[in-house]
2 protein chains.
Amino acid sequence: MNKKPNLKDVAKVAGVSAITVSRVLSNPEKVSEKLRTKVEQAVHEIGYIRNHAASALASRRSGVIAVIIPSLSNIVFNDVLQGIYSAVKQHHLQVVLGDCHYSPLEEEKLIATLLSQSPEGFILTGTDQTDYARKLLQQSGIPIVQLMELSDCPIDMNIGFSHFNAGVDITNHLLQKGYRKLGFLGARMDTRTQQRLAGFKKAIADFKQPCQSYVVTTTQSSSIRLGGQLLQAVMAESQGQCDAVFCCNDDLALGALFETKRMNLKVPADIAICGFNDLEASALVEPSITSVASPRFEMGQQAVELLMTAAGEDKTHKPPIDVGYRIVERAST
Amino acid sequence: MNKKPNLKDVAKVAGVSAITVSRVLSNPEKVSEKLRTKVEQAVHEIGYIRNHAASALASRRSGVIAVIIPSLSNIVFNDVLQGIYSAVKQHHLQVVLGDCHYSPLEEEKLIATLLSQSPEGFILTGTDQTDYARKLLQQSGIPIVQLMELSDCPIDMNIGFSHFNAGVDITNHLLQKGYRKLGFLGARMDTRTQQRLAGFKKAIADFKQPCQSYVVTTTQSSSIRLGGQLLQAVMAESQGQCDAVFCCNDDLALGALFETKRMNLKVPADIAICGFNDLEASALVEPSITSVASPRFEMGQQAVELLMTAAGEDKTHKPPIDVGYRIVERAST
DNA sequence: ATGAAAGCGCTAACAG
DNA sequence: CTGTTAGCGCTTTCAT
């Protein structure tokens with residue numbers, strides 16, 4: 001195996017200097033058409049591929065952005081990722097991705113690792129970073145976006161929506177529909193889920209008429225199966241009184257719905273169900289499930305755009321961007 | 001903003017030479033405990049992060065592996081990715097990930113881009129690469145794994161299972177259950193889906209008794225909603241005769257199942273449904289859906305292990321690894 | 001166990 | 001428009 005061709009090899013074949021080849025690759029318009037064609041042929045002929053490490057070192061531009069999500073298996077972050085990848089393609093950037101498994105400590109390590117790639121921007125999920133992580137991020141001097149939720153003290157830029165308000169609204173929706181014995185089914189209990197729960201409690205506390213609430217949570221990760229188990233649990237705790245459940249996401253809601261069939265409960269007559277995130281399945285099951293929709297793909301895209309526009313500028317702290325949410329009312333409530 | 005600290009800065013603070021700091025970071029055991037502690041403190045104090053580009057350039061080891069999947073939105077590849085990420089963590093590697101949207105041409109471009117990172121290994125999905133892509137890959141000299149399906153002429157290493165055989169088996173399962181008017185619902189129609197369809201046709205052709213088949217396919221991407229539409233289509237084409245459908249994946253199968261409720265068809269009495277991939281929902285809907293399971297997470301892990309063990313060795317072409325599949329029989333058939 | 005010198009492959013800055 | 005020179009920050013190699 002011959003070693004990989006480098007710029008000089010291409011230059012030799014094309015009969016030009018190395019820097020000209022470099023220009024053809026980065027700024028083709030700065031090279032005469034004649035030389036450019038010669039170089040392009042040479043590149044293709046010997047299958048030259050530019051050495052990113054050398055290029056990044058010399059130019060101080062890595063062409064990379066770093067992204068950390070809490071979970072690869074949660075389809076919610078998938079939507080965000082797709083938005084990120086679609087935007088990144090326009091800008092000819094690469095993504096280096098980390099999955100921190102909802103752990104701030106893992107996230108801290110990942111941040112250090114990913115920063116070593118000299119990313120030109122950093123996208124984080126949520127606002128729950130360790131102090132040392134914040135220090136590293138800050139001192140890196142690159143633009144940073146925190147995604148998904150709104151923060152009072154963002155590291156840099158912030159785009160998301162209020163999970164607390166969404167929790168309030170969806171709970172009020174149930175109360176307005178006449179349900180009075182409300183259950184909350186929560187899994188994982190990350191910060192966003194906690195905010196949804198806080199919204200649930202707030203709505204109940206503020207409600208002018210007597211009503212009952214039952215909160216069942218677990219730190220296990222969400223799954224459809226778990227939704228069924230939590231429904232069992234809330235029915236046990238409420239001695240069968242619970243007449244509506246707010247599930248902290250649609251996986252749980254689907255599981256709860258499937259479980260009602262086994263328990264011979266009618267939805268929404270015996271019990272109402274609502275979820276969160278508005279997954280495709282929620283609209284298509286029978287009965288369809290009320291949920292909370294948010295523009296995840298667009299959030300991902302916009303995060304990249306924010307990074308790119310912020311790249312040169314001074315750090316004028318922009319205010320958080322609230323992308324909002326929408327309650328999608330369906331047959332289950 | 002002061003510029004980022006480099007090795008020399010750390011060295012100065014710790015009162016040692018740059019190379020010693022480098023050793024502490026890469027081969028701590030080669031440095032005396034006294035100096036090591038000093039250096040570690042200095043690193044933490046000034047928040048030093050090693051410049052990956054420089055490190056990669058000097059050492060000729062990028063610590064990166066490249067991965068291309070056909071779709072970020074398909075949960076199937078998510079499982080594989082999780083396997084990859086979990087294995088990669090053990091080896092202290094970074095992943096650069098590309099989504100080629102099922103397009104060999106996009107894949108070719110991605111391969112060129114990702115190769116510029118000098119990855120130490122490359123994981124590809126499927127066997128449908130362009131000639132130029134294969135050339136680039138081959139000449140890069142790095143170990144390569146093709147995932148998901150088995151290939152007659154792999155570029156290098158290969159791990160997957162036979163989608164053709166799985167298609168044959170699941171079709172025979174339906175035939176054995178007494179169904180004789182079989183429909184195939186296919187979306188996307190990538191190479192693996194086509195192999196499943198080929199298996200379906202083979203099983204029908206080989207069956208000793210009279211039976212009927214209806215094939216409905218589209219190049220649209222899969223979704224639950226589409227499953228409902230395709231079920232409508234196959235019922236129209238078969239004039240209501242179709243008594244079993246093999247859906248090329250579980251999304252379609254779920255959509256088909258939900259549609260049967262709207263059409264007032266009983267499953268499996270009026271019509272049997274089976275899917276592919278064995279998603280969690282398939283086990284939990286009512287009735288539960290027969291599907292084909294495969295060890296996706298493990299495939300991802302094993303792909304990384306293969307790359308790592310192959311790293312040093314000569315290219316002794318290993319035979320493809322068949323991870324097999326399993327038909328999970330459930331209530332829907 | 002530690003250090004000095006050289007150079008990885010590329011591009012910025014300057015020169016022509 | 002094209003080329004020359006220097007150096008990005010690190011690790012390799014060789015010396016002590």
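Note that the coordinates shown come from a computational prediction; the quantities given were computed from them, not determined experimentally. Below, all heavy atoms of this structure are taken into account, side chains as well, without hydrogens, waters or symmetry copies. Each chain gets a letter, A, B and so on, in the order the sequences are listed, and its residues count up from 1.
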Contacts under 3.5 angstrom, residues 33-43 of chain B side chains, donor-acceptor by atom type, not counting sequence neighbours:
residue: B:R36; atom: NH1; partner: B:P28; partner atom: O; Å: 3.0
residue: B:T37; atom: OG1; partner: B:E33; partner atom: O; Å: 2.5

Tell me which donor-acceptor pairs under 3.5 Å the side chains of residues 69-80 of chain A have, and how far apart each pair is, sequence neighbours excluded?
residue: A:S71; atom: OG; partner: A:S73; partner atom: N; Å: 3.1
residue: A:S71; atom: OG; partner: A:S73; partner atom: OG; Å: 3.1
residue: A:S71; atom: OG; partner: A:N74; partner atom: N; Å: 3.1
residue: A:N74; atom: OD1; partner: A:V76; partner atom: N; Å: 3.0
residue: A:N74; atom: ND2; partner: A:Y102; partner atom: OH; Å: 3.4
residue: A:D79; atom: OD2; partner: A:R296; partner atom: NE; Å: 2.9
residue: A:D79; atom: OD2; partner: A:R296; partner atom: NH2; Å: 2.9

field: A:N51 and A:N6: CA distance, side-chain angles, deciding distance, side-chain contact (heavy atoms from CB on, under 4.5 Å) verdict
entry: CA-CA 8 Å; A:N51 181 325; A:N6 63 19; over 6 Å; no
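Checked by atom type, the side-chain pair A:T130/A:E108 shows a donor-acceptor distance below 3.5 Å. B:S17 and B:T20 share a side-chain donor-acceptor pair at under 3.5 Å. Of the N and O atoms on the side chains of A:S26 and A:R50, at least one donor lies less than 3.5 Å from an acceptor on the other residue.
Within residues 43-56 of chain A, the residues having any heavy atom closer than 4.0 Å to DNA chain C are, in order of number, A:Y48, A:R50, A:N51, A:A54, A:S55. In the region residues 14-38 of chain A, proximity to DNA chain C at under 4.0 angstrom, judged on heavy atoms, holds for A:I19, A:S22, A:R23, A:S26. Listed by residue number, the members of residues 111-119 of chain A with any heavy atom below 4.0 angstrom from DNA chain D form an empty set.
Taking CE of A:M148 as the reference point, atom CZ of A:F161 lies at 6.0 Å (rounded to 0.5 Å). For the atom pair A:H163 NE2 and A:Q194 CD, the distance stands at 12.5 Å (nearest 0.5 Å).
In summary, contact between chain B and DNA chain C, defined as any nucleotide atom under 4.0 Å from a heavy atom of the protein, begins and ends at C:dA1 to C:dG9 in the 5' to 3' direction. Boundaries of the chain A contact region on DNA chain D are D:dC1 to D:dG9, first to last in 5' to 3' order (nucleotide atom under 4.0 Å from a heavy atom).
A:H44 meets the ring pair (Phe, Tyr, Trp, His ring centres under 6.0 Å) test with B:Y132; sequence neighbours excluded. Partners of A:L306 according to the side chain to side chain contact (heavy atoms under 4.5 Å, CB included) rule, which considers only residues two or more places apart in sequence or in another chain, are A:V145, A:M157, A:I159, A:I321. Remark: B:R60 engages no residue in a salt bridge (charged side-chain N to carboxylate O under 4.0 Å, His left out) (not counting sequence neighbours).
By the 4.5 Å heavy-atom criterion applied to side chains, A:V67 and A:L124 are not counted as neighbours. Within the 4.5 Å cutoff, the side chain of B:I155 has heavy atoms near those of the B:Q129 side chain.
Comparing the helix axis at one end of the helix from C:dA1-D:dT16 to C:dG16-D:dC1 with that at the other, each defined from 5 consecutive pairs, gives an inter-axis angle of 20° (nearest 10°).
Here side-chain hydrogen bond (donor to acceptor under 3.5 Å, both in side chains) pairs that include residues 86-96 of chain B, with residues two or more places apart or in two chains, are A:E106-B:K89, B:S86-B:Q301, B:H91-B:E305.
The minimum heavy-atom distance between A:S151 and A:N158, with the atom names listed, is N-OD1, 2.7 Å. Residues B:K4 and B:D9 approach most closely at O-OD2, 4.2 Å, considering heavy atoms.
A salt bridge does not link A:R188 with A:D190: none of the charged nitrogens is closer than 4.0 Å to a carboxylate oxygen.
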